[in-house]
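For reference, the structure is listed below as structure tokens.
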Amino acid sequence: MRLLVTGGAGFIGANFVHYTLRRHPEHQITVLDALTYAGNEASLAPVRDSIEFVRGSVADAAVVDELVGRSDAVVHFAAESHNDNSLRDPSPFLTTNIIGTYTILEAVRKHGVRLHHISTDEVYGDLELDDPAKFTPETPYNPSSPYSSTKAGSDLLVRAWVRSFGIEATISNCSNNYGPYQHIEKFIPRQITNVLAGLRPKLYGQGENVRDWIHVDDHNSAVHAILDKGRSGETYLIGSDGERNNREVLSMILELLGQPGDAFDQVTDRAGHDLRYAIDASKLRDELGWKPQFTDFRDGLAATVDWYRDNEAWWGPLKKQVEAKYAAQGQ
Ligand SMILES: NC(=O)c1ccc[n+]([C@@H]2O[C@H](COP(=O)([O-])OP(=O)(O)OC[C@H]3O[C@@H](n4cnc5c(N)ncnc54)[C@H](O)[C@@H]3O)[C@@H](O)[C@H]2O)c1
């Protein structure tokens, strides 16, 4: 199988490349990545000789057309992905998430290539903290931020291209991922690397916001299950019942790193901060027989802490700049 992986130098995309080559060394992988601030070629260093890497944008029709034309399937991870950034400057979110997805869709339509579109549970908006409900594929879209609204828009484009033009495509909406190679602007790696760098971790507001954490390898095993057995035109929700509020996650990180439970600062909350996300992944489990491997969040988190401890060369050069950006926002 010749796979085109967009955004393969980012967090989930790079882990997808590693995961795929571990299990399917026969697959030929081409990564298309613009190497924005979020992309890091070093995340692909261990497999650099086994893949083709193309630096370019998913919004560049000529590049996309050429690469899609010589692929059997496209797994589309590339996106602007950070909510906080989308509040400051939404414009790259429109270009990459909307125009980039449109560009991919036109190329897969022209060449008759299978597409799997990676999306987020944030398209559904949020749930109340005391609401027992979870998101299902039938939950209406209700995005809150420029990030989630552009992801919602990209999902709707994919659905329309399936219906109007008969392209072969699937969509997955996954909950919050954690694991190695995640940019240190994101909640879990930011707190871990703060402790490792001798800085105090930062908690938004009271830390009551709940996320449904899933290990990145479980996300990627689900993507493979959908590529193998998913039905075209279908949407699959990916989650592994990992609901935790931010305060709990931070307490676990502090404990794993041998810090006192109160060794953190509370900072201004994110504007419009979604309260709770929770995924009902029964369609994926029942139809495709998928099961997560990382069922103990603490174990997965401990392995992630170890990875950041062992890979300071990967994140160290970014730390000052990321914290300066947050400090300027009082966060
Ligand atoms: N991180 C999560 O918890 C999570 C959860 C669910 C879904 N998702 C989705 O998974 C995908 C990957 O997320 P991530 O956390 O790995 O993001 P990331 O920000 O770590 O990586 C994004 C990658 O896309 C690349 N990119 C950005 N603009 C591009 C462009 N115009 N052309 C080509 N490449 C471009 C970046 O260089 C980077 O390598 C996104 O679509 C995101 O919406 C993420």
Side-chain angles (χ1 to χ4, degrees), residues 4-19 30-44 53-61 63-64 67 74-86 91-104 116-124 135 143 145-155 158 171-190 211-216 218-220 222-223 236-240 242 249 274 277 279 281 304 314-315 318 322:
L4 176 61
V5 179
T6 74
F11 164 44
I12 307 174
N15 278 286
F16 178 81
V17 172
H18 294 295
Y19 182 94
T30 299
V31 167
L32 171 62
D33 197 295
L35 293 181
T36 66
Y37 82 97
N40 190 341
E41 257 190 296
S43 304
L44 294 170
F53 182 85
V54 178
R55 182 172 190 175
S57 173
V58 286
D60 181 335
V63 173
V64 167
L67 296 178
V74 179
V75 188
H76 178 37
F77 290 96
E80 285 292 336
S81 72
H82 193 36
N83 268 309
D84 289 337
N85 293 345
S86 81
S91 102
F93 289 75
L94 275 292
T95 307
T96 294
N97 301 0
I98 300 283
I99 302 297
T101 301
Y102 159 71
T103 308
I104 296 279
H116 181 66
H117 175 64
I118 303 289
S119 193
T120 164
D121 62 353
E122 300 189 28
V123 298
Y124 298 115
F135 300 135
S145 73
Y147 163 61
S148 52
S149 60
T150 55
K151 290 299 292 187
S154 69
D155 294 4
V158 176
I171 299 173
S172 55
N173 298 86
C174 188
S175 57
N176 283 60
N177 288 218
Y178 69 97
Y181 298 112
Q182 186 169 27
H183 196 286
I184 57 168
E185 69 186 354
K186 300 282 167 57
F187 178 67
I188 287 181
R190 182 179 182 212
R211 299 295 176 257
D212 191 351
W213 292 102
I214 182 171
H215 192 277
V216 65
D218 282 334
H219 182 176
N220 286 327
V223 171
Y236 295 90
L237 267 56
I238 307 175
S240 62
V249 175
D274 281 343
Y277 308 133
I279 288 276
T304 305
W314 182 88
W315 59 264
L318 309 171
V322 168

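When a ligand or atom number is given, it counts from 1 through the structure's own listing order.
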Practice item. Run through Val223, Val17, Val216 and flag the one making a side chain to side chain contact (heavy atoms under 4.5 Å, CB included) with Ile12. Key: Val216

Check your understanding: When the ring planes of Phe93 and Tyr147 are compared, do they come out parallel, tilted or perpendicular, using 30° and 60° as the limits?
Key -> perpendicular

Exercise for review: Only counting residues at least two apart or in another chain, list the ones meeting salt bridge (Lys or Arg N to Asp or Glu O under 4.0 Å) with Asp155.
Suggested key: none

Point to revise | Pairing residues for Arg211 by the salt bridge (Lys or Arg N to Asp or Glu O under 4.0 Å) criterion, not counting sequence neighbours | key: none

**Study point:** Residues forming a side chain to side chain donor-acceptor pair (under 3.5 Å) with Tyr178, sequence neighbours excluded
**Key:** none

**Study point:** For ligand 1, the residues whose heavy atoms come within less than 4.0 Å (ordered by chain, then number)
**Key:** Gly7, Ala9, Gly10, Phe11, Ile12, Asp33, Ala34, Leu35, Thr36, Ala38, Gly39, Gly56, Ser57, Val58, Phe77, Ala78, Ala79, Ser81, Thr96, Ile118, Ser119, Thr120, Tyr147, Lys151, Cys174, Ser175, Asn176, Asn177

Practice item. Count the heavy atoms belonging to other residues, nucleotides or ligands that lie under 6.0 Å from OH of Tyr19, then report whether that count exceeds 12. Key: yes

